[in-house]
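Some notes on the structure that comes next.
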Amino acid sequence: MTGILDGTDLETTARSEGCGQGTRKRTITDKRGKVREIEVTVYGWKLLVMIEVRTKLPLAAKVVQIQDHEAPFTQELVTQARTNLADHARLRRGLFDRGFLDGADLWWLTQQGIRFVVPAKENLAVTADAHALAAVGAGVVARRVHTVAHGQGKHRWRERLETEVVGLADLTTYDQ
C-alpha cells in the first residue's frame, strides 16, 4: 500500500479561538495592471493528512496551527497510519512533500521498511544526478502519450503530449 502525505492551509479570521498566524506571499494586480507580490498575514490551521493512493481514503490526519512546520509530525502521522491499518494492510511506500522530511525522518522511514519518494526541484543536485543517470540509460523507463484539447468551437485544437518517467534505484544524492 502506498500513502501520500501532504498538508493544506485552512484559513480563518483572527477571531478564531486557538488559531495560528503565519505570513504568506500573494500575487496581486494593482489598478494599473502591474503584477506585484506582497506578504500578507493569514490566520488559521494546517491540515496534515496521509491518504491511500488508489482509494484516496485517509489513513491518518492531524490539525496544527497554520505556522507550524510539517517535518515534526511525519513520524507521528506514519505511525498513526500504520496503527489504523493494523492487520488489514501494510504501508510499504510513501510519497512525501519536501516539507515533511529531514535527514532523521528519511533514516527512520528506511528503518521502518518504508520506501519513499521525494519530488526534486530543478535547481537541486539530485535532479542533475538523476538527469545524468537517465541520459546514459540507467533506470526503468515508462512513457505515457495522451491528447489534450485546447480552446472551444472552431478555434479548438489538439496537442499530443508525451511524458517520460525514469525510475532510478539507489540514487543517493540528497541536498536540502
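- A134 meets the side chain to side chain contact (heavy atoms under 4.5 Å, CB included) test with V166; sequence neighbours excluded.
- For the atom pair CG (L109) and CH2 (W107), the distance works out to 12.0 Å, reported to the nearest 0.5 Å.
- In this view, Q67 and Q65 satisfy the side chain to side chain contact (heavy atoms under 4.5 Å, CB included) rule, not counting sequence neighbours.
- For the pair H146 and R144, the tightest heavy-atom approach, listed with the atom from each and the gap, is CE1-NH2, 3.1 Å.
- For T147, the side chain to side chain contact (heavy atoms under 4.5 Å, CB included) test picks out R158, with sequence neighbours left out.
- Taking the side chain to side chain donor-acceptor pair (under 3.5 Å) definition, one finds that D105 meets it with Q75, sequence neighbours left out.
- Closest approach of G44 and T12 over heavy atoms only: CA-OG1, 3.4 Å.
- No continuous path of hydrophobic side-chain contacts links F96 to L47 [ILVMFWY only; heavy atoms under 4.5 Å].
- Among all heavy-atom pairs drawn from A81 and A60, the shortest one is N-CB, 3.7 Å.
- In terms of heavy-atom proximity, C19 sits nearest to S16 at SG-O, 3.2 Å.
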Give the table of side-chain donor-acceptor pairs shorter than 3.5 Å for residues 83-95, with sequence neighbours excluded, one pair per line with atom names and distance.
residue	atom	partner	partner atom	Å
T83	OG1	T79	O	2.9
N84	OD1	Q80	NE2	2.7
N84	ND2	L59	O	2.6
N84	ND2	Q80	O	3.4
R93	NE	T2	OG1	2.9
R93	NH2	T2	OG1	3.1

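- A distance of 12.0 Å separates CD in Q111 from CG in L106, rounded to the nearest 0.5 Å.
- Within the structure, the side-chain hydrogen bond (donor to acceptor under 3.5 Å, both in side chains) test picks out the following pairs touching residues 25-48 (sequence neighbours left out): E11-R26.
- Proximity of a side-chain donor or acceptor of E52 to a complementary backbone N or O of R54 within less than 3.5 Å is detected.
- Transitive grouping of hydrophobic side chains (ILVMFWY, heavy atoms separated by less than 4.5 Å) brings V53 and I51 into a common cluster.
- A search for salt bridge (charged side-chain N to carboxylate O under 4.0 Å, His left out) contacts involving D9 returns R24, not counting sequence neighbours.
- Taking the side chain as every heavy atom from C-beta outward, L5 and F116 never approach each other to under 4.5 Å.
- Every pair passing salt bridge (charged side-chain N to carboxylate O under 4.0 Å, His left out) that includes a residue from residues 57-69 is listed here, sequence neighbours excluded: K62-E76.
- With a 4.5 Å cut-off between side-chain heavy atoms of Ile, Leu, Val, Met, Phe, Trp and Tyr, the cluster of I28 takes in I38, V40, V42, I66.
- The side-chain heavy atoms of T74 and W108, taken from C-beta on, include no pair separated by under 4.5 Å.
- Grouped with V148 in one hydrophobic cluster are L161, the linkage being side-chain heavy-atom contacts under 4.5 Å among Ile, Leu, Val, Met, Phe, Trp and Tyr residues.
- In terms of the ring pair (Phe, Tyr, Trp, His ring centres under 6.0 Å) criterion, residue partners of H150 (sequence neighbours excluded) are, by chain and number, W157.
- Contacts of E162 classified as side chain to side chain contact (heavy atoms under 4.5 Å, CB included), with partners at least two apart in sequence or in another chain: R143, V145, R160.
- When all heavy atoms of R156 and G151 are compared, the pair lying nearest together is CG-O, 3.9 Å.
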